[in-house]
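One structure below.
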2 protein chains.
Amino acid sequence: MTANSQIPPPPWQRLPDRQARRRREPISQEAIVSAAVRLLDREGLAALSMRRLAEELGTGAASLYWHVGSKDGLLDLVLDQVIGEGQVPDPDPARWREQLKDVARAQRRASLRHPYIVRISIGRIPMGPNALRYSERVLAILRAGGLPPRLAVQGYLLLIATVNGFTIDETGVTDGAPAGTGDSAGPDSAGPGDPASAQDAANMARDYIASLPRDLFPTMTGLADEFAFADADERFEMLIDIFVDGLARRAAANAAT
Amino acid sequence: MTANSQIPPPPWQRLPDRQARRRREPISQEAIVSAAVRLLDREGLAALSMRRLAEELGTGAASLYWHVGSKDGLLDLVLDQVIGEGQVPDPDPARWREQLKDVARAQRRASLRHPYIVRISIGRIPMGPNALRYSERVLAILRAGGLPPRLAVQGYLLLIATVNGFTIDETGVTDGAPAGTGDSAGPDSAGPGDPASAQDAANMARDYIASLPRDLFPTMTGLADEFAFADADERFEMLIDIFVDGLARRAAANAAT
DNA sequence: ACCTGAACACCGTTCAAGT
DNA sequence: ACCTGAACACCGTTCAAGT
């Protein structure tokens, strides 16, 4: 939305640096990235190949390379595009803890909406224009909350990593493909997050754990029922409670020095 | 080490269930898995293909399928093998917090020793024999610490996810390939973790952030120096401090009810 | 019970040649 | 400045055929 021309690309960006980018309808960098996101949303990470994407756009795979350099470069752009969906509020110093939790919740929702995105983000330092604007706004909240510079940056990096660690488990089971793609499930497609099959998986885990030999696994067999408790929302809230409270405690201890 | 025959495989295990497994030297499930781990340690995740692995073992790719079912099944076994390296101490109720932190530190070290393992673990519920024994012992520590059943299981799952989220960032930049494989670095291969190039990356990030327009990125440009502070050890300690302390606080609050 | 070669249906990427 | 077809060097997996 804001002018990207003011932001020079980072030196490690895997993109061809060519200037004048005319907009012939069928194909352009923007069109390619949007088509990639649509394809990923619809069919998951495994369905995205340069050939398949080109077909979707009515061209050959080779034509994409002029615009996005490589598949890796395309994924950089996809990641930044999805990050661009995130809205971060203006800092309200009195409410920085709750604002930070909202940021975490929004990140989790985005990761569930695009179940392939956490996997794409692995190995990529998000430094596209949208990622920069996003970081700027989250860090502004932390600074407004009174966190000193180092703690603000460390806390920001750890928050993102923590949420990613959580959502990897949530989105991992389905391999990034949308629910209901397989032929095993009936017409009861339960939408994003697929709670029905997540509960099924938890029940299977419980039954299996309960069936283990009691002498070798005294603790686990006793806890089998708890593995069937798969309320991801509650677990996520617990995680960000622990994290944000701990960060606030550090900030307070830091201020006392 | 312990007899696996007492532990039935989970129903979703992607392996062919065949019984008598004679040990003709060149090829066996164990030999395949060990060779895969060696290849992965040496050349990273991208280097592992069924053809390449078979070549390493002096056979054709098709021969592997009888023993491991599929590449996915092989990765299940690789994951369990690496988890089997982990040693978890007997529970000491008075020291459960420190023991849990040690578990987290050991998990991080294993992930740095095998930089591909976190990526392999995505989408896999570790339920192999080694994973079960591991879970049993960690949960025993949490229960000995006085955590009620639900909190013990939730805390265990969140601890693993949190450590994974952290180590994904640490191992992500190099794509799981060992340091010094590329031809850009000199003979100064800095061993696992590759601190030299990690610091380089942090410095590049700092310089780039510092170069951004100050009016659009007032917060980030002011924090640029902090992005060059790449002490992953310190950041990790902060993370597990926050997490374990928060978990203990929850346990105490729970006990008061 | 195990191994094999050959084939099928894919990949990402390059490159000379076009317009 | 952009697009293309064809090729290169790979993939995971299957399957009939062997021993």
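Convention: sequence-line order gives letters A, B, ...; per-chain numbering from 1.
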Quiz item: Taking CG from B:Leu64 and C1' from C:dT4, how many angstroms apart are they, rounded to a whole number?
Solution: 12 Å
Practice problem: Round to a whole Å and report the spacing from OH of A:Tyr65 to C1' of C:dA16. | Solution: 17 Å
Quiz item: Checking B:Asn130 side chain against B:Glu85 main chain: does a donor-acceptor pair fall under 3.5 Å?
Solution: no
Quiz item: Taking the side chain of A:Arg51 as heavy atoms from C-beta outward, which of D:dC2, C:dC11, C:dA1 is closest to it?
Solution: C:dC11
Quiz item: Can you check the A:Leu48 CG to C:dC11 P distance for me, whole Å?
Solution: 10 Å
Exercise. Determine: side-chain N/O of A:His67 to OP1/OP2 of D:dC3, distance under 4.0 Å, yes or no.
Key: yes
Quiz item: Hey, does the side chain of B:Ser63 come within less than 4.0 Å of C:dT4's phosphate (OP1/OP2), counting only N and O?
Solution: yes
Practice problem: Answer yes or no: is there a donor N or O on one side and an acceptor on the other, between the side chain of B:Arg124 and the main chain of B:Asp72, under 3.5 Å? | Solution: yes
Quiz item: Are the side chain of A:Arg235 and the backbone N or O of A:Phe166 linked by a donor-acceptor pair below 3.5 Å?
Solution: no
Practice problem: Please check if the side chain of A:Ser211 supplies one atom and the backbone of A:Tyr208 the other of a donor-acceptor pair under 3.5 Å. | Solution: yes
Quiz item: Among side-chain atoms of B:Gln107 and B:Asn164, is any donor-acceptor pair under 3.5 angstrom?
Solution: yes
Quiz prompt | Any donor-acceptor pair under 3.5 Å from A:Glu55 side chain to A:Ala61 backbone | solution = no
Quiz item: Of all the choices, C:dT4, C:dT13, C:dT14, which nucleotide is nearest to the side chain of A:Ala62 once you look at every atom?
Solution: C:dT14
Self-check item: Per B:Lys71 side chain, nearest of listed nucleotides D:dT13, C:dC3, D:dC2
Solution: D:dT13
Exercise. Send over the distance from B:Met50 CE to C:dC11 C1', rounded to a whole Å.
Key: 17 Å
Quiz item: Do any N or O atoms from the side chain of B:Thr167 and from the backbone of B:Glu170 form a donor-acceptor pair under 3.5 angstrom?
Solution: no
Quiz item: Hey, where does DNA chain D pair up into stems, meaning at least three consecutive Watson-Crick or G-U pairs with distances under 3.5 Å?
Solution: C:4-8 with D:12-16, C:12-16 with D:4-8
Quiz item: Rounded to the Å, how far apart are A:Gln29 CD and D:dA1 P?
Solution: 16 Å
Exercise. Using atom CZ of A:Arg52 as one end and atom P of C:dA9 as the other, report the distance to the nearest whole Å.
Key: 17 Å
Self-check item: Spacing of A:Ile32 atom CD1 relative to C:dG12 atom P, expressed in whole Å
Solution: 14 Å
Quiz prompt | Interatomic distance where CG belongs to B:Leu57 and P belongs to C:dT4 [whole Å] | solution = 11 Å
Quiz item: Hey, does B:Ser49 reach any base, or is it just sugar-phosphate, or nothing, if we go heavy atoms under 4.0 Å?
Solution: sugar-phosphate
Self-check item: Distance, P atom - from C:dC2 to D:dA17, rounded to whole angstrom
Solution: 22 Å
